[in-house]
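A quick write-up on the structure given underneath.
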Number of protein chains: 2
Amino acid sequence: MIADDSNRGGRAPRRSRDDVVDAALELLDRVGLPDLSMRRLAEHLGVQPSALYWHVENKQQLLAAVSARILRPVSAADEAGTSLDVAAREVAVRLHDSLLAYRDGAEVVSSSLALGLVEPPAHAHLRAVALERGESASLADTIADTVTHFVVGFTFHQQQRRSADAWGAASGGVAASPERIAAGDDDGFTAALDLIIAGVTTVLAGGATQYPEPRR
Amino acid sequence: MIADDSNRGGRAPRRSRDDVVDAALELLDRVGLPDLSMRRLAEHLGVQPSALYWHVENKQQLLAAVSARILRPVSAADEAGTSLDVAAREVAVRLHDSLLAYRDGAEVVSSSLALGLVEPPAHAHLRAVALERGESASLADTIADTVTHFVVGFTFHQQQRRSADAWGAASGGVAASPERIAAGDDDGFTAALDLIIAGVTTVLAGGATQYPEPRR
DNA sequence: ACCTGAACACCGTTCAAGT
DNA sequence: ACCTGAACACCGTTCAAGT
């Protein structure tokens, strides 16, 4: 039974789970996380709110799926053959770019990550590089966690400040420091990242407090 | 709830803004952020929801005040006379402890920070140490930002995983990695922090990407 | 100065019932 | 298999009015 018949005779189009996630990502980028409600999403899809719950368990799982979409480019490329510190920097930069690619991307990913509903990006990738290089997997995990938390936290802050600036510097805030706000718009991200990568390099060279194995 | 006796003649007790923030912090610790609503808080205070808006501009500002309370111990102690890297580690540890001291503390602080409604802790402190040591203020800022974002991000994740574990490992999650979950319960925090501090130390020694200056 | 009462414009989610 | 309709149990916030 169920012989194909996707939309015979011009009936209302049926949606897949993927369509719902696509629509959610698009709506997120347009209206921002605070205004991304299940009801608005339903309206956007031309459907009753309750219909969404056929495709998706609940809002958090939907946001997790959206997060996975946002993070897709991070786990993509890897040439292998690089050292762990170089790989870590590349992952960090890709993660940063991916989070910035959608409105409130960092916040969405941050909470899915915290809830354990998406795999930390880079984790598997860096582990592979570590193996190749004869470094321990737990060192790779430490590096991956450090980079992930730093980048997500930093980008979250960055993104929020941008939308605050866009909306106009309004009531009661501590006031976004009036240095440059639209120059290269890096906000010190690369400086901070350099710091972390310097740590990775140092540790890899055997200069840390507690990583006894210099090489093997 | 509120002990104080400014209540002569048995009239209904009046609340100050501080009372409201106190109650919010207490309720946060008891029920968690998702269940901390203005209506529940009002009930907790024996007051109509609308009454809260006399004391507080809105929910976000209330949470900012709660965040400032949580962060108070971080900016407290400073002995001076330490190097920047040692100071950075101490700040990181105090921040970590303070965030863990209240349920969902990291999440609350994270969003207040991102919205620019609280000053980043440590910022001023580390700047002072930098001046004392003849380091640049912008280096101190970079260090402060790096440490802050890392610690807040990491602790957020840590705290969320704890309450997930407490509630029982339920439906659909990626599954909290089944290593140890109740050992020292450090989750790699100190290992990651070591990495960052190694970066700070390296940069202070002039050993960043360019290696010209061995010391100063 | 501090609070009530009532309302406005929303939420996420469930569930029987339809096709 | 996919969706509607209606309901449940909530939200944050505003504002006139009371004391």
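Chain A is the first sequence line, chain B the second, and so forth, proteins listed ahead of strands; every chain is numbered from 1.
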**Message:** Nearest to the A/S50 side chain among C/dT14, C/dG12, D/dA1, which nucleotide is it?
**Reply:** C/dT14
**Request:** Would you please say whether a donor-acceptor pair under 3.5 Å links the side chains of B/D19 and B/S16?
**Result:** yes
**Request:** Kindly indicate whether the side chain of B/S37 and the base of D/dG12 share any N or O donor-acceptor pair separated by less than 3.5 Å?
**Result:** no
**Item:** First encountered from the 5' end of DNA chain C, between A/A51 and B/L52
**Value:** B/L52
**Complete:** Whole-Å distance, B/R14 CZ to C/dT4 C1', equals 12 Å
**Request:** Side chain of A/Y53 only, please: which of D/dC11, C/dG12, D/dG5 is the nearest?
**Result:** C/dG12
**Prompt:** Could you state the CG-P distance from B/L41 to D/dT13, rounded to the nearest angstrom?
**Reply:** 12 Å
**Request:** Could you check which nucleotide pairs with C/dC2 in any of the strands shown, counting Watson-Crick or G-U wobble with both distances under 3.5 Å?
**Result:** D/dG18
**Prompt:** Which distance, rounded to the nearest 0.5 Å, do you find between the CG of B/L193 and the OG1 of A/T142?
**Reply:** 11.5 Å
**Asked** Quantified in whole Å, what is the C1' atom distance between nucleotide C/dC11 and nucleotide D/dC8?
**Response** 12 Å
**Prompt:** Can you check the A/W54 CH2 to C/dG18 C1' distance for me, whole Å?
**Reply:** 16 Å
**Prompt:** Of the nucleotides C/dT13, D/dT13, D/dC3, which has the atom closest to the B/R39 side chain?
**Reply:** D/dT13
**Message:** Under 4.0 Å from OP1 or OP2 of D/dC3: is there any side-chain N or O of A/R15 that close?
**Reply:** yes
**Message:** Can you tell me how the ring of B/F150 sits relative to the ring of A/H149, calling it parallel under 30°, perpendicular over 60° and tilted otherwise?
**Reply:** perpendicular
**Asked** Atom CD of B/E43 to atom P of C/dC3: distance rounded to whole Å?
**Response** 17 Å
**Nucleotide forming a Watson-Crick or wobble pair with C/dA7, both distances under 3.5 Å** = D/dT13
**Message:** Heavy-atom nearest nucleotide on DNA chain C for B/P49 versus A/E57: which residue maps closer to 5'?
**Reply:** B/P49
**Request:** State plainly whether the residues A/R30 and A/D35 are in salt-bridge range, i.e. N to O under 4.0 Å.
**Result:** no
**Prompt:** Does A/H55 put a side-chain nitrogen or oxygen below 4.0 Å from OP1 or OP2 of D/dA1?
**Reply:** no
**Prompt:** What is the distance, rounded to the nearest whole Å, between atom CE of A/M38 and atom C1' of D/dC10?
**Reply:** 16 Å
**Request:** Let me know the distance between CG of A/N58 and P of C/dT14, rounded to the nearest Å.
**Result:** 8 Å
**Request:** For D/dA9 and C/dA9, measure between their P atoms and round to the nearest Å.
**Result:** 23 Å
**Item:** Rounded distance (Å) that lies between atom P of D/dC11 and atom CD of B/Q48
**Value:** 14 Å
**Item:** Straight-line distance of A/R14 CZ to A/H55 NE2, nearest 0.5 Å
**Value:** 9.0 Å
**Fill in**
Atom CG of A/D35 and atom C1' of C/dC11 are separated, to the nearest Å, by 12 Å
